[in-house]
Amino acid sequence: MSISHTDTLARVNYSEIDAMGVVYHSRYAVWLDVARTEYLRQAGMSYRELEAMGFFLVVGDLSMRYHRPARYDDLVQVRCWVREAASRRVTFAYRLTHAETGALLVTAETRMLSLNHQFVPTRLPAEVAALLRPVADPA
């Protein structure tokens with residue numbers, strides 16, 4: 001089954017903010033990981049199943065652009081979709097917004113590499129590639 005995107009929610013807790021009262025920058029990467037894992041699950045395969053097939057999807061490149069800060073107790077919506085797909089690489093894109101106001105917080109992209117369990121780049125199986133269909137940016 002191919003899907004266009006997923007939306008996940010994250011509530012900012014106190015341990016995620018810095019001395020300025022805003023979400024610490026590295027926390028966004030965790031939310032991207034959660035959204036990407038949920039995308040795969042909703043498309044029809046858990047990451048655990050992918051690993052059992054002998055594959056890893058690892059971050060080869062990560063870019064984030066911060067537009068506005070998220071703050072303690074904000075509800076953040078993380079939209080995730082596949083922007084590009086090749087035989088050994090998948091690019092996921094993200095748009096993080098304040099769930100209640102719609103304010104844009106962060107845009108991001110991860111380029112994931114397909115590796116086997118020996119950490120050698122390898123082609124994704126056809127059944128996995130079929131789940132990771134690129135779509136026009138839905139945001």
Check whether any side-chain N or O of Asp74 sits under 3.5 Å from a backbone N or O of Val76 as a donor-acceptor pair, and report yes or no.
-> no
Is there side-chain contact between Arg71 and Ile17, with heavy atoms separated by less than 4.5 Å?
-> no
Asp7 and side chain to side chain contact (heavy atoms under 4.5 Å, CB included): which partner among Arg95, Arg79, Gln42?
-> Arg79
Are any non-hydrogen side-chain atoms of Phe92 and Val82 less than 4.5 angstrom apart?
-> yes
Side chain to side chain contact (heavy atoms under 4.5 Å, CB included) evaluation trace for Leu32 with Met64 | CA-CA 10 Å; Leu32 302 182; Met64 284 189 268; 4.2 Å; yes
Are Leu62 and Trp31 connected in a single hydrophobic cluster, I mean Ile/Leu/Val/Met/Phe/Trp/Tyr linked by side-chain heavy atoms less than 4.5 Å apart?
-> yes
Measure the spacing between CZ of Phe56 and CE of Met112 and express it to the nearest 0.5 Å.
-> 12.0 Å
Walk me through it: do Tyr28 and Tyr94 pass the test ring pair (Phe, Tyr, Trp, His ring centres under 6.0 Å)?
-> CA-CA 11 Å; Tyr28 292 98; Tyr94 312 85; over 10 Å; no
Check whether any side-chain heavy atom of Leu57 lies under 4.5 Å from a side-chain heavy atom of Leu50, and answer yes or no.
-> yes
Do any N or O atoms from the side chain of His117 and from the backbone of Met53 form a donor-acceptor pair under 3.5 angstrom?
-> no
Just wondering, do Val22 and Tyr66 contact through their side chains at under 4.5 Å, heavy atoms?
-> no
Could you tell me which non-hydrogen atom of Leu131 sits nearest to which non-hydrogen atom of Ala43, and how far apart they are?
-> CD2-O, 3.1 Å
Taking C-beta and beyond as the side chain, do Glu16 and Tyr24 meet within less than 4.5 Å on heavy atoms?
-> no
Does the side chain of Arg36 reach to within under 4.5 Å of the side chain of Val59, using non-hydrogen atoms?
-> yes
For Ala35 and Val78 the tightest heavy-atom approach is CB-CG1, 3.5 Å
Kindly state whether the ring of His5 and the ring of Tyr39 have centres lying under 6.0 angstrom apart.
-> no
Roughly how far, to the nearest 0.5 Å, is the CG atom of Leu113 from the CZ atom of Arg88?
-> 11.0 Å
Short question: side chain of Arg11, backbone of Asp73 - any donor-acceptor pair under 3.5 Å?
-> yes
Heavy atoms, side chains only, cut-off 4.5 Å: are His67 and Leu105 in contact?
-> no
With the 4.5 Å side-chain cut-off for hydrophobic clustering, are Tyr72 and Val23 part of the same group?
-> yes
Would a hydrophobic clustering, with Ile, Leu, Val, Met, Phe, Trp and Tyr connected at side-chain separations under 4.5 Å, put Val90 with Phe119?
-> yes
Distance (rounded to the nearest 0.5 Å) between Thr110 OG1 and Asp33 CG | 9.0 Å
Please tell me if the side chains of Leu132 and Leu40 come closer than 4.5 Å, counting only heavy atoms from C-beta onward.
-> yes
From Ser4 atom OG to Arg133 atom CZ, the distance as rounded to the nearest 0.5 Å | 14.5 Å
Which is it for Gln77 and Leu96 under the side chain to side chain contact (heavy atoms under 4.5 Å, CB included) test, yes or no, and what are the steps along the way?
-> CA-CA 6 Å; Gln77 178 180 336; Leu96 287 73; over 6 Å; no
Cationic N near anionic O, under 4.0 Å, Arg41 to Glu38 = yes
Nearest 0.5 Å please: distance from the CZ atom of Arg27 over to the CG atom of Asn13.
-> 6.5 Å
Applying the 4.5 Å side-chain criterion to the ILVMFWY set and letting contacts propagate, would Val58 and Met45 be lumped into a single cluster?
-> yes
Arg83 CZ: over 12 foreign heavy atoms closer than 6.0 Å | yes
When clusters are formed by joining ILVMFWY residues with side-chain heavy atoms under 4.5 Å apart, either directly or through shared neighbours, do Leu115 and Val120 land in the same one?
-> no
